[in-house]
**Student:** 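Before we start, here is the structure in question, set down as structure tokens.
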There are 2 protein chains.
Amino acid sequence: MANISDVAKLANVSVATVSRYLNNSGYVGKKSRAQIEEAIKQLNYTPSEVARTLTTKQSDLIGLIIPDINNPFFPELARAVEDTAFRHGYTVILCNSDEDIEKEQHYIKALSKKYVAGLILTTILDQDNYSNNLSIPIVALDRPLNVNIPTVTTDNEKGAKIGTQYLIENGVSNILCISGPKSVTSTNLRLKGFFKAVEGNNVEIHMVESKHDFQTAEQLTYETLQAHPEIDGIFAFSDASAIGALKAAHRLGLKVPEQLQIVGFDGIQMGKVVTPSLTTVAQDIYKLGERATQILIEQIEGKSTNSFSEQIEPQLLIRETTKERGPL
Amino acid sequence: MANISDVAKLANVSVATVSRYLNNSGYVGKKSRAQIEEAIKQLNYTPSEVARTLTTKQSDLIGLIIPDINNPFFPELARAVEDTAFRHGYTVILCNSDEDIEKEQHYIKALSKKYVAGLILTTILDQDNYSNNLSIPIVALDRPLNVNIPTVTTDNEKGAKIGTQYLIENGVSNILCISGPKSVTSTNLRLKGFFKAVEGNNVEIHMVESKHDFQTAEQLTYETLQAHPEIDGIFAFSDASAIGALKAAHRLGLKVPEQLQIVGFDGIQMGKVVTPSLTTVAQDIYKLGERATQILIEQIEGKSTNSFSEQIEPQLLIRETTKERGPL
DNA sequence: TTGTAGGCGTTATCAG
DNA sequence: CTGATAACGCCTACAA
């Protein structure tokens, strides 16, 4: 593999000139430029990222930390991040934190040792003052970290509110709310929205906390529904949980939506394919990932110095687990 | 951040000695050793992977190329690879090839420029003589590349055979086979198994080729079932397709398994949660990923020079989309 | 505009 | 056992 000095030799210039050409820094004469281009082509030269990283302390890597790739929400998100990063010439390293703060810290350290250019952190812990002692750009996805860190989120409170309201409008009077882990910011925001919607309406509520995972939610729902057969509506904080709940309902022989209505949260692909298809508060998952990545890259490349945040509107997708059927 | 020469100074030895200590190469006196350890601790020193990579041309990165993370089979696989890699001190970079050979080539190039220590390639193209002109270890997952490249696969032919047989034993006489892309080796193997099972039995067959994706399979199945209402069994080459097919059946008002029996392939988590739960030919997904990674790491670390392959047995998981219900 | 030379942090060779 | 020192491939003052 040819290196920069091979190119320099062939082009009859110095390595400095080649370097300047490569990085668009400083002057490069017209003639030199032409020779360099020719040499590069002939040698099929590409600069070594590693050597570059060694001097500049910055690579083309972007670290993406998610809780668990087995929650279908995250592959969709990851895909958006990857696509966007790829389009801009970055490579992403994906890490599963398993909602474990130590594991997360470990990854952050490992990644920063690799001189990743930036980091995208998704929902984990509700930390008011997460301090960015790293010198690299960070953007938070779905989890506001602190004022200085740009954040891309769905309006969680609003989403939970409209989902819950829809249930109530559809005649539900005894709701089971399957929340996510309380340690997560978005959970608390959704909780707030849920309570706002419920307030003043004469509905009874039951609360359970579940991981965003089919099995857990199914089991929890099964037990709760058995203990409280009067429940006629479920609002779940993730589609994964909602689908688990749907399964529990089936096992109990409950007709959905006739006897039990269900609304999820997320808008994952899978919601369309279960039967009955899932009514849900959809996040614009792709956009979430895309915007986060774009913002990160802007920060990395210094195009925007002021960190700003973005909130994306959720959208109620009415499908078949609720009574008022809208268009698919 | 301290570097190796800081450590050397503090420990009163040369950088060479520190390096030897770090890499367990060559002798290091007892006293030097102690001083070095002390210095490292005091300075909180960790060697720079980048600099190391620059000289050794080998990083701690493992590249994993999959077709598409949105097929639920792959997140599960990726998770297994990541976990295993992590345990051995490697970091994985995940790339989506979208079943596009150019994109795959692009990634392979990009990854090798990063001096990844090894590569794990999953199902894409059926290439008899894939030539490994890279100098790094590769293992093929789910796709045999060539004799010189270790491969970890499920016994696809056998899997397809037992799945199909089971359908036939359950009285199905008109089967729709939803295959995967024909360009993929595993598809062809499964096709072979399917035909073996069918052979000699008096069953009619219909074939369609689908991506392993809910929507596509659903649409295709919907059309086929409409044109051929006599079909009473479906064997799909992936759970994703099977679940899409299940959805199509629901839309057509077909009772599963009474009127239509369905068997999938893969054994993804999601199969358990749909209703009715999916009978499937399960691969040991975690083990597949784990073994591939272990073998790769053995190659990387030179512990095993001879490349060997492994085949993992599939297992029929009888659930509710077929008539003979076994235990869950 | 261009070239020289030092440095980024390690590893590896080769004398001591 | 240990220590100089030359790579590795690139960037960037600084000088010309």
Side-chain angles (χ1 to χ4, degrees), chain A residues 1-37 39-40 43-61 89 110 112-117 135-136 301-302, chain B residues 1-37 39-40 43-61 89 110 112-117 135-136 301-302:
Chain A
M1 194 78 274
N3 64 23
I4 196 171
S5 77
D6 295 332
V7 175
K9 246 172 262 166
L10 216 179
N12 263 308
V13 298
S14 75
V15 294
T17 308
V18 178
S19 174
R20 256 171 270 146
Y21 166 83
L22 254 20
N23 300 289
N24 266 295
S25 58
Y27 303 101
V28 175
K30 219 168 184 173
K31 200 170 151 197
S32 302
R33 181 175 302 271
Q35 291 165 334
I36 292 174
E37 278 164 358
I40 288 182
L43 270 51
N44 197 258
Y45 164 79
T46 51
S48 154
E49 288 162 21
V50 177
R52 212 171 223 170
T53 301
L54 184 59
T55 35
T56 63
K57 265 103 185 61
Q58 170 150 156
S59 70
D60 67 351
L61 263 23
S112 69
K113 275 195 56 181
K114 292 193 189 315
Y115 298 111
V116 291
S135 51
I136 53 172
E301 299 179 349
Chain B
M1 194 80 273
N3 65 23
I4 196 172
S5 77
D6 294 333
V7 175
K9 247 172 260 168
L10 216 179
N12 263 308
V13 297
S14 74
V15 293
T17 307
V18 179
S19 175
R20 257 173 268 143
Y21 166 83
L22 253 21
N23 301 288
N24 268 294
S25 58
Y27 304 100
V28 175
K30 218 168 186 173
K31 199 169 151 197
S32 302
R33 180 174 302 272
Q35 290 166 333
I36 293 174
E37 278 164 358
I40 288 181
L43 270 51
N44 196 258
Y45 165 78
T46 51
S48 154
E49 288 162 22
V50 177
R52 213 171 222 171
T53 301
L54 183 60
T55 37
T56 62
K57 265 104 185 60
Q58 169 148 158
S59 70
D60 66 351
L61 262 23
S112 69
K113 275 194 57 180
K114 291 193 190 314
Y115 298 111
V116 291
S135 51
I136 53 171
E301 299 180 348

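To find a chain, count down the sequence lines: A is the first, B the second, and so on, and within it residues start at 1. Values below: all heavy atoms of this structure, side chains included; hydrogens, waters and symmetry mates excluded.
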**Student:** For a quick check of understanding: with a heavy-atom distance under 4.0 Å over all strands, which category does Val13(A) fall into, base, sugar-phosphate or nothing?
**Tutor:** sugar-phosphate
**Student:** Using the side-chain contact (heavy atoms from CB on, under 4.5 Å) rule, take Ile40(A) and Leu22(A) through it: C-alpha gap first, then chi angles, then the decisive distance, then the call.
**Tutor:** CA-CA 10 Å; Ile40(A) 288 182; Leu22(A) 254 20; 4.0 Å; yes
**Student:** Atom OG in Ser19(A), atom CD1 in Ile4(A): separation rounded to 0.5 Å?
**Tutor:**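 One gets 5.0 Å once the value is rounded to the nearest 0.5 Å.
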**Student:** Below the 4.0 Å mark, does dC1(D) have OP1 or OP2 next to a side-chain nitrogen or oxygen of Ser32(B)?
**Tutor:** no
**Student:** Which letter, B, S or -, goes with each nucleotide of nucleotides 7-16 of chain D from 5' to 3', with contact meaning a protein heavy atom under 4.0 Å?
**Tutor:** BBBBSB----
**Student:** Is Leu10(B) close to Tyr45(B) at the side-chain level, that is, under 4.5 Å between some pair of heavy atoms?
**Tutor:** no
**Student:** Please report the interatomic distance CG(Leu61(B)) to CG(Leu61(A)), rounded to the nearest 0.5 Å.
**Tutor:** 6.5 Å
**Student:** With sugar-phosphate meaning primed atoms plus P, OP1 and OP2, does Val28(A) contact a base, only sugar-phosphate, or nothing at under 4.0 Å between heavy atoms?
**Tutor:** sugar-phosphate
**Student:** For the NZ atom of Lys57(B) and the CD1 atom of Ile136(B), what is their distance to the nearest 0.5 Å?
**Tutor:** 13.5 Å
**Student:** Go through DNA chain C in 5' to 3' direction and return only the first and the last nucleotide with some atom under 4.0 Å of chain A's heavy atoms.
**Tutor:** dT1(C) to dG9(C)
**Student:** Can you list the residues that meet the side-chain contact (heavy atoms from CB on, under 4.5 Å) rule with Thr17(A), with sequence neighbours excluded?
**Tutor:**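 Thr17(A): side-chain contact (heavy atoms from CB on, under 4.5 Å) contacts with Val13(A), Ser14(A), Arg20(A), Val28(A), Ser32(A), Ile36(A).
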**Student:** Heavy atoms only: give me the nearest Ala11(B)-Ala39(B) pair and the separation to one decimal.
**Tutor:** CB-CB, 4.0 Å
**Student:** So that I can tick it off, tell me whether Lys114(A) and Asp60(B) are bridged by a salt bridge, with the cut-off set at under 4.0 angstrom between side-chain N and carboxylate O.
**Tutor:**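 Result for this pair is yes, salt bridge flagged.
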